[in-house]
Every structure is written in structure tokens, then in C-alpha cells.
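What follows is a single structure, written as C-alpha cells, with notes after it.
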2 protein chains.
Amino acid sequence: MANGAQKERVSGSLTAGSLTARLQAAVRERGQRWTEQRQLIVDVLAASDGHATGAELVERVRQDDPSATPSTVYRTLDLLEELGLARHHHGPDGRETYHLEETTEHGHLHCRGCGAEQELDAAAAAPILKAITGATGFSADLDHLSLQGLCATCRADQKG
Amino acid sequence: MANGAQKERVSGSLTAGSLTARLQAAVRERGQRWTEQRQLIVDVLAASDGHATGAELVERVRQDDPSATPSTVYRTLDLLEELGLARHHHGPDGRETYHLEETTEHGHLHCRGCGAEQELDAAAAAPILKAITGATGFSADLDHLSLQGLCATCRADQKG
DNA sequence: CCCCTTATTGCAACGTGTTGCGATAGAATC
DNA sequence: GATTCTATCGCAACACGTTGCAATAAGGGG
Ligand SMILES: [Mn+2]
Ligand SMILES: [Mn+2]
Ligand SMILES: [Zn+2]
Ligand SMILES: [Zn+2]
């Protein structure tokens with residue numbers, strides 16, 4: 001348990017061009033290696049705008065390189081998270097969903113009535129995070145925050 | 001997508017004795033059947049105080065009845081949730097964790113620093129749920145709420 | 001450019017759930 | 001208790017990830 005490897009931030013704001021060079025440097029600095037697989041996986045993740053599950057990413061990677069295997073893709077996703085380039089949250093079923101760090105930090109709300117998914121940006125989340133800290137002392141990760149409940153519409157429908 | 005079968009509350013406060021009879025009636029009312037497997041799974045869940053993953057429950061059920069299979073256990077857990085007898089939330093890895101409804105409603109907080117897990121009762125959660133509704137219109141399910149972040153201690157350590 | 005060390009890969013096996021299907025067994029009716 | 005209807009069961013196959021291990025290849029040094 002407890003915390004794994006330290007995170008070293010790779011980037012401030014990422015432009016597609018400098019991304020590879022920066023990542024490559026960060027990886028080498030850790031005594032690790034930059035490979036074609038890793039490059040490809042980063043490219044696929046960058047092209048998958050918004051959110052993508054592990055299985056979806058595996059499928060897209062294999063379209064470009066059929067020799068790639070799930071284990072490599074998942075291990076690379078872990079590496080990218082350690083470097084702070086990728087993040088994940090969990091869908092209502094618990095499955096991990098990945099996105100690039102360039103997206104602004106946000107949480108997710110899933111309505112169990114209509115299935116709608118709403119994003120929660122930092123501004124909207126601020127009072128919520130503050131309430132959490134006030135009630136519990138915890139500082140919650142907005143990136144990882146994923147709530148289930150009923151949206152305003154479904155709540156009104158239910159009453160009627 | 002959207003909402004599955006209506007939930008019919010089976011119980012108010014549950015004592016072990018009346019539980020079976022009430023469940024049996026609720027199941028029959030839906031045109032379904034009460035079986036030895038279901039009885040056993042309820043018994044195991046009742047004996048598993050606190051939280052248990054699906055795999056743990058499967059293992060315990062099979063100790064009493066080796067012929068029981070995972071599919072039956074998971075399908076029964078789904079049924080118990082529909083009836084409102086069981087609930088689940090998700091660990092930090094997204095895995096479902098089950099508990100009986102007799103436990104009072106509560107959420108969970110997982111510290112990614114020290115691994116500590118803290119429960120969040122209804123009273124402590126009230127201002128948080130209120131902030132969520134205020135910011136988003138959503139009414140969040142406390143049962144299903146599972147946050148990741150840093151506890152007060154780990155946050156202080158990190159600063160030092 | 002070639003060697004050498006060792007990080008990375010693919011593979012195979014495993015863990016955890018889910019689903020379709022034919023066999024089994026609740027339980028309502030007679 | 002026997003009959004009948006069909007919900008539930010076990011099974012087998014599948015989907016999604018994870019892990020240990022031996023083969024491969026990145027990349028630093030000669
Ligand atoms: Mn869930
Ligand atoms: Mn997670
Ligand atoms: Zn809704
Ligand atoms: Zn902590």
C-alpha cells in the first residue's frame with residue numbers, strides 16, 4: 001500500500017510538438033527507455049479526444065501495430081500516469097477511463113436515471129471540495145472524483 | 001442505458017430472523033423464486049460484517065456449497081441490490097464492494113498517501129451533498145460515494 | 001559501429017466478472 | 001403427490017486487466 005513512485009510533472013501546457021521530446025527526456029532521466037510502442041500509445045491517447053477506456057485504447061493501438069499487446073498498453077498507461085501526462089477516473093461501473101493531462105482538471109457526475117454524464121470543472125467543484133475538507137479534513141482529487149446520483153431533471157420527473 | 005427495474009424496499013430495520021421471510025415474500029411477489037442458493041448467499045452476506053468484494057463472497061459461499069458458481073453469486077447480488085437489501089460502493093481501484101442494507105448509509109474516503117479508509121456518515125456528509133446539489137443540481141447517492149485524496153495527516157507530512 | 005547491461009516486450013497463465021444456453025428445480029394448480 | 005410452467009442454475013465461452021518470465025532491443029560506453 002501507501003504511495004508509489006514520486007510523480008515528476010512532465011509538462012506545464014502541452015503542445016503536440018514538444019510533447020514527445022519532453023516525455024522522452026523525462027523517461028530517460030528515470031533510467032528508462034523511449035520506445036516506438038510508447039510513442040504510438042501517446043499518439044493514440046492524444047488522438048482520442050476526451051475519455052477512453054483501456055480496452056478502447058488497446059484496440060486503437062493495435063490498429064496501427066497489431067503486435068502490441070494489452071499488457072504493454074496498460075503498463076504504458078501506468079507510466080504516463082506516473083509522469084503526470086495521463087489521468088484516469090472511474091465510470092459508474094468502476095472501469096478506468098483515461099484522458100490526457102492537457103485537458104483541464106475536472107470531475108464527473110453520472111445520472112442513474114437518464115444515464116447523462118456531466119463534467120464538473122474546477123470552478124463548480126470548488127465549493128464541493130471545500131465542504132469535503134471542512135467535514136472530513138480530506139483534500140479530494142477532483143480528477144478522480146466520480147459521483148453517481150440523480151440529475152435535476154430526473155429528480156423532478158420522479159416526484160411528478 | 002437508463003433505469004432498470006424499480007426498487008421495492010424489502011425492509012425497514014432488519015433483524016436476522018424476519019429477514020428470510022420478508023425477502024422470500026418480496027421475491028415471490030415479483031413472480032420469482034426463493035432458492036437454497038439465495039438463502040445461502042444472504043446468510044453469507046449477513047455474516048460478512050462490513051464490506052466484502054464479489055470474489056470474497058464467492059469464496060465464502062463455495063465453502064458451504066462447492067457447487068455454487070460465480071455467475072449465481074453475482075446474479076443474486078444484483079437481485080439483492082434491486083430489492084434494496086444490499087448495496088455496493090467502489091474501492092479506489094473501482095472494484096465493487098458489497099454490504100447489507102442494515103448498515104447505515106455512508107460514503108467512503110480513500111487516502112492515496114497512507115491508504116487509510118474513512119467512512120463518512122450521513123451527518124458528516126450532509127454539507128457535502130448540499131454543496132453538490134447547489135453547484136450542479138445533482139442529488140448524489142451517499143451509498144455510492146467514494147472519494148480519493150489526501151487525508152489531513154498526509155497533507156501535513158507532505159508540506160513539512 | 002559493436003558490446004553490454006538491463007528495461008521493455010510478448011506470451012501464457014491467472015483473477016474477476018458477465019452472458020447465452022440447455023438442464024434443473026421452484027411453486028402453483030390440480 | 002403428480003403435472004406443468006418457467007425462473008434459476010451450472011457450464012462454457014468470453015471480456016477486461018494483471019503478473020512472472022524468457023526473449024528482445026534501447027542506448028550508453030568502448
Ligand atoms: Mn457502482
Ligand atoms: Mn482509480
Ligand atoms: Zn438524469
Ligand atoms: Zn493519509
Side-chain angles (χ1 to χ4, degrees), chain A residues 1 4-5 20-21 23-42 44 51-62 64-83 86 88-98, chain B residues 1 4-5 20-21 23-42 44 51-62 64-83 86 88-98:
Chain A
M1 256 284 124
T20 294
L23 261 176
Q24 195 167 345
V27 166
R28 292 229 182 101
E29 203 171 327
R30 291 164 46 125
Q32 296 181 286
R33 294 167 189 178
W34 193 245
T35 66
E36 288 181 22
Q37 304 264 1
R38 289 179 175 174
Q39 179 67 61
L40 173 57
I41 293 165
V42 169
V44 167
H51 316 85
T53 65
E56 286 166 350
L57 292 170
V58 168
E59 194 188 340
R60 289 176 204 165
V61 165
R62 300 195 67 160
D64 276 9
D65 177 0
S67 75
T69 56
S71 46
T72 298
V73 174
Y74 286 108
R75 287 191 277 228
T76 300
L77 287 171
D78 289 345
L79 174 64
L80 294 177
E81 286 208 84
E82 274 174 37
L83 294 174
H88 79 266
H89 71 279
H90 299 262
D93 58 356
R95 180 160 301 161
E96 289 183 341
T97 303
Y98 294 87
Chain B
M1 253 283 123
T20 295
L23 261 176
Q24 195 166 346
V27 166
R28 293 228 183 101
E29 204 170 326
R30 290 164 45 125
Q32 297 182 286
R33 296 169 188 175
W34 193 246
T35 66
E36 288 180 22
Q37 304 265 0
R38 289 180 175 174
Q39 179 67 59
L40 172 57
I41 293 166
V42 169
V44 166
H51 316 85
T53 64
E56 286 166 351
L57 292 171
V58 168
E59 194 187 340
R60 290 176 204 166
V61 165
R62 300 195 67 158
D64 276 9
D65 178 359
S67 75
T69 57
S71 46
T72 299
V73 174
Y74 286 108
R75 287 191 277 227
T76 300
L77 287 171
D78 288 345
L79 174 64
L80 294 177
E81 287 207 84
E82 275 175 35
L83 293 174
H88 79 266
H89 72 280
H90 299 263
D93 59 354
R95 179 160 300 160
E96 290 183 340
T97 304
Y98 294 88

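Naming convention: chains lettered A, B, ... in sequence-line order (proteins, then strands); numbering from 1 in each chain.
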Should B:Leu80 and B:Leu23 count as side-chain neighbours, where that means a heavy-atom distance under 4.5 Å?
yes

| message | For A:Thr69, is there any backbone N or O sitting under 3.5 Å from a side-chain donor or acceptor partner on A:Tyr74? | response | no

Here the distance between atom P of C:dA7 and atom CD of A:Glu82, to the nearest Å, is 14 Å

Reading nucleotides 22-30 of chain D from 5' to 3' and marking B where a protein heavy atom lies under 4.0 Å of the base, S where only the sugar-phosphate is that close, and - otherwise, the string is ---BBSS--

Per-nt protein contacts along nucleotides 11-21 of chain C (heavy atom under 4.0 Å; B base, S backbone sugar-phosphate only, - none) come out as B----SSBBB-

Review point. Do the non-hydrogen side-chain atoms of A:Val73 and A:Ile41 ever get within less than 4.5 Å of each other?
Key: yes

A:Asp93 CG to D:dA15 C1', in whole Å, measures 13 Å

Between the OG1 atom in B:Thr20 and the CZ atom in B:Arg38, the distance rounded to the nearest 0.5 Å is 13.5 Å

Heavy-atom closest pair (A:Ala26 atom, A:Leu83 atom, distance to 0.1 Å) is CB-CD2, 4.4 Å

In whole angstroms, the gap separating C1' of D:dC16 from NE2 of A:His90 amounts to 15 Å

Taken to the nearest whole Å, CD/A:Glu81 to P/D:dG17 is 13 Å

Closest non-hydrogen atoms of B:Gln37 and B:Ala68, given as atom of the first, atom of the second and distance, are OE1-CB, 3.5 Å

B:Leu40 CG to D:dG10 P, in whole Å, measures 10 Å

note: B:Leu23, atom CG; D:dT8, atom P; distance rounded to Å ~ 13 Å

Exercise for review: Keeping the roles fixed (side chain from B:His90, backbone from A:Gly91), state whether a donor-acceptor pair exists under 3.5 Å.
Suggested key: no

Whole-Å distance, A:Arg62 CZ to C:dT9 C1', equals 13 Å

Distance col, row B:Leu57:CG vs B:Tyr98:OH, nearest 0.5 angstrom, shows 8.5 Å

Rounded to whole Å, CD1 of A:Ile41 lies from C1' of C:dG10 at a distance of 13 Å

Quiz item: Are B:Leu79 and B:Gln32 side-chain neighbours, meaning at least one heavy-atom pair lies under 4.5 Å?
Solution: yes

